[in-house]
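Letters A, B, ... are given to chains in the order of the sequence lines, protein chains preceding strands, and every chain is numbered from 1. For clarity, every value in this text was computed on a predicted model and none was experimentally measured.
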Amino acid sequence: MRTTASILHVDLDAMFAGVEQRDKPSLRGRPVIVGGIGGRGVVATASYEARAYGARSAMPVAEARRRCPPGTAYLTPRFPAYRRTSQVVMGLLAELSPLVEPVSIDEAYVDLAAGDHDLTVAGVTALAAGLKARIAAATGGVTGSVGAGTSKLVAKIGSDLHKPDGLTVVVPGTERDRMYPLPVTTLPGVGPATAERLRRSGVHTVADLAAVGPADLLDWFGQAHGTALFRLARADDNRPVVAERETKSVSAEETFSTDIADRSRLGTELDLLATQVGGRLRTAGLSGRTVTLKARYFDFTTITRSTTRTQPTDDPQVITQAARRLLADVDVTGGLRLLGVGVSGLTEFAQDDLLSLLDPAADRPAPAGDDSGGPEPAVSDTPAGPQWRTGQDVCHDEHGPGWVWGSGRGRVTVRFEGPRTAPGPVRTFAADDRRLRPAEPPDWTGPG
DNA sequence: TCTGGGGTCCTAGGACCC
DNA sequence: TCTGGGGTCCTAGGACCC
């Protein structure tokens with residue numbers, strides 16, 4: 001357990017709505033709902049003005065419309081704009097420490113112990129206050145709530161304590177005092193099902209949970225979840241801040257505006273989804289062995305059917321064929337509300353692409369030549385490489401499109417395209433790496 | 001006007017192998 | 001006659017997070 005409050009959790013306040021209010025001054029001070037505005041849409045983010053009327057994330061937009069007054073704005077998400085704002089903030093965090101763990105487009109942990117900082121409570125408080133001011137200035141007024149503590153758990157709870165625009169440093173040694181009065185649902189991993197099971201046993205607060213014996217928790221929740229709850233209730237958390245995580249699966253799904261029972265239409269939708277998945281796999285340089293079909297019925301019951309191939313693939317046609325075979329065994333007579341396609345069991349490269357091993361002109365790298373510590377490319381006879389700017393769009397032969405996260409001392413750190421709502425992997429290159437080149441802004445940079 | 005879309009992790013049962 | 005165990009892989013479903 002750490003003895004200093006050296007982990008920060010940064011959480012941008014109602015970020016999607018905040019970006020919209022920044023870009024459209026007429027929306028400032030008004031309730032704003034960002035989400036799917038079709039018949040089956042849900043709220044992605046409600047501005048604090050809208051929350052005053054009871055609008056919440058994940059609520060059907062239809063319900064939010066009932067609650068919010070006339071004059072409320074209902075907007076479709078503009079992910080490119082949110083991503084740009086996210087990039088700016090992540091860049092600021094990267095200046096604090098090399099160890100930054102993005103959790104999502106609007107949230108990250110920072111390990112200050114990996115930087116050079118005064119880690120006293122006063123020092124961390126001043127640092128966090130300065131960070132908040134820089135975030136607001138650099139984003140044009142989007143605010144962030146910051147928590148600091150001796151663990152990820154405590155930092156996250158801290159950032160939640162005084163939202164929006166909050167700053168909470170949990171003084172080392174006072175973790176349990178701060179946590180015990182809070183509802184158990186404050187703890188990460190305590191969702192509706194866990195909360196209901198705890199409620200039935202009279203457990204409402206973190207203090208209540210800390211009083212439950214380990215045998216009961218294991219009995220109620222099984223090995224993994226029971227053990228986790230026992231530790232979290234005691235503020236016992238030593239999870240490290242991890243800068244980069246391996247992607248485990250890539251998927252795409254669509255909820256139809258009305259249920260579809262026609263097999264040929266479902267087949268067409270499946271092709272579209274498989275093409276998206278295959279394209280994203282290729283961009284990421286990944287391929288996978290298991291193809292999973294997901295189907296949801298009118299009553300929201302959801303089934304999955306999967307098949308595992310001998311060789312990994314990133315080929316949309318192969319994925320489509322596998323998914324179509326799985327769909328053939330699914331009863332669709334009552335219509336499907338949702339269809340999804342996913343690929344898991346991922347490896348770095350398509351191993352069934354034997355030609356790329358033999359053909360030096362193939363556009364895909366051979367497995368032996370990957371980016372981890374391999375030799376640098378041939379020395380360039382052109383002048384020194386470009387000057388990389390934070391936030392600049394770049395392209396890399398192996399990793400596809402990305403943007404500059406930080407640079408200096410002859411190195412440039414690039415975050416590559418990830419799934420739409422989450423940041424992708426981070427790689428560091430020599431600034432003159434010829435595989436790295438400035439990119440035209442991708443097609444999603446247009447307005448709205 | 002009921003319930004998005006992208007993920008992660010865990011459990012449990014059966015097949016299969018030694 | 002009667003029913004070993006452990007490990008791994010695969011499949012399906014569910015809880016949870018943002």
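Side-chain polar atoms of Arg178(A) and Thr168(A) form no donor-acceptor pair below 3.5 angstrom. For the 3.5 Å distance criterion, the side chains of Asp271(A) and Thr268(A) fail to qualify, holding no donor opposite an acceptor.
Nearest to the side chain of Thr194(A), among dT3(B), dT11(C), dA15(C), sits dA15(C). For Lys248(A), taking side-chain heavy atoms from C-beta onward, the closest of the listed nucleotides dT8(B), dC18(C), dC16(C) is dT8(B). Taking only side-chain atoms of Arg280(A), from C-beta outward, the nucleotide of dA12(C), dG4(B), dG7(B) with the closest atom is dG7(B). Comparing atom distances between the Ser306(A) side chain and each of dG13(C), dA12(C), dG5(B) picks out dA12(C) as nearest. The listed nucleotides are dC18(C), dA12(C), dT3(B); the one nearest the side chain of Thr304(A) is dA12(C). In this structure, the nucleotide among dG13(C), dT1(B), dG7(B) sitting nearest to the side chain of Val250(A) is dG7(B). Considering only side-chain atoms of Thr290(A), the nucleotide from dT8(B), dA15(C), dT11(C) that sits closest is dT11(C). Listed candidates were dG5(B), dG4(B), dT8(B). Nearest to the side chain of Glu254(A) is dG5(B). Nearest nucleotide to the Glu253(A) side chain, out of dA12(C), dC18(C), dG6(B): dG6(B). In this structure, of dG4(B), dG6(B), dG13(C), it is dG13(C) that holds the atom nearest to the side chain of Arg305(A).
Toward the 5' end of DNA chain B, the nearer of the two residues Phe221(A) and Arg337(A), judged by each one's closest nucleotide, is Arg337(A). Residue-to-nucleotide proximity on DNA chain B shows that, of Gln276(A) and Pro60(A), the 5′-proximal contact is made by Pro60(A). The residue among Thr307(A) and Pro188(A) whose nearest nucleotide of DNA chain C is located toward the 5' end is Thr307(A).
As a whole-Å value, the separation of Ile33(A) CD1 from dT3(B) P is 16 Å. Phe16(A) places its CZ atom 13 Å from the P atom of dG6(B), with the value rounded to the nearest Å. A straight line from CZ of Arg245(A) to P of dC18(C) spans 13 Å, rounded to a whole angstrom. Distance Met59(A) CE to dT1(B) P: 15 Å, rounded to the nearest Å. Distance CZ (Arg56(A)) to P (dC2(B)): 22 Å, rounded to an integer number of Å. Between the CZ atom of Arg296(A) and the P atom of dC2(B) there is a distance of 16 Å, rounded to whole Å. Atom CG of Leu346(A) is separated from atom C1' of dG6(B) by 14 Å (rounded to the nearest Å). Rounded to an integer number of Å, the gap from NZ of Lys294(A) to P of dG13(C) is 12 Å.
Looking at heavy-atom distances under 4.0 Å, Val190(A) makes contact with sugar-phosphate atoms alone, never a base. Backbone-only engagement by Lys156(A) is indicated by non-hydrogen atom pairs under 4.0 Å involving sugar-phosphate atoms exclusively. No engagement by Ala44(A) is indicated, since no non-hydrogen atom pair under 4.0 Å with the nucleic acid exists. No engagement by Arg197(A) is indicated, since no non-hydrogen atom pair under 4.0 Å with the nucleic acid exists. No engagement by Gly36(A) is indicated, since no non-hydrogen atom pair under 4.0 Å with the nucleic acid exists.
Remark: ring of Phe300(A) does not overlap the six-membered base ring of dC2(B) in a stacked fashion, as centroids less than 5.5 Å apart with planes less than 30° apart are not both met.
Looking at Lys163(A) and Asp11(A), a side-chain N of the basic residue comes within less than 4.0 Å of a carboxylate O on the acidic one, giving a salt bridge. Here Asp237(A) does not pair with Lys156(A) in a salt bridge; the nearest charged N to carboxylate O distance is not below 4.0 Å. One finds a salt bridge joining Arg78(A) and Glu20(A) here, because a Lys/Arg side-chain nitrogen approaches an Asp/Glu carboxylate oxygen to under 4.0 Å.
Counting only Watson-Crick and G-U wobble pairs whose two distances sit under 3.5 Å, DNA chain C takes part in these stems of three or more pairs: B:5-18 with C:5-18.
Dashed line: the shortest gap from a side-chain N or O of Thr302(A) to OP1 or OP2 of dG14(C) is not under 4.0 Å. Considering only side-chain N and O atoms, Thr308(A) lies under 4.0 angstrom from the phosphate OP1 or OP2 of dT11(C). Contact annotation: Ser249(A) side-chain N/O to dG7(B) OP1/OP2 distance is not under 4.0 Å.
Using cut-offs of 30° and 60° for the angle between ring planes, the His9(A) and Tyr109(A) rings count as tilted.
In this structure, the side chains of Leu218(A) and Gln223(A) come closer than 4.5 Å at one or more pairs of heavy atoms.
Nucleotides dA15(B) and dG4(C) place their P atoms 16 Å apart, quoted to the nearest Å.
Considering only residues two or more places apart in sequence or on other chains, Ala55(A) meets the side chain to side chain contact (heavy atoms under 4.5 Å, CB included) condition with Ile33(A), Ala46(A), Ala50(A), Ala64(A), Cys68(A).
A donor-acceptor pair under 3.5 Å is formed between the side chain of Arg263(A) and the backbone N or O of Leu327(A).
The only member of Arg176(A), Arg231(A), Lys152(A) that meets salt bridge (Lys or Arg N to Asp or Glu O under 4.0 Å) when paired with Asp236(A) is Arg231(A).
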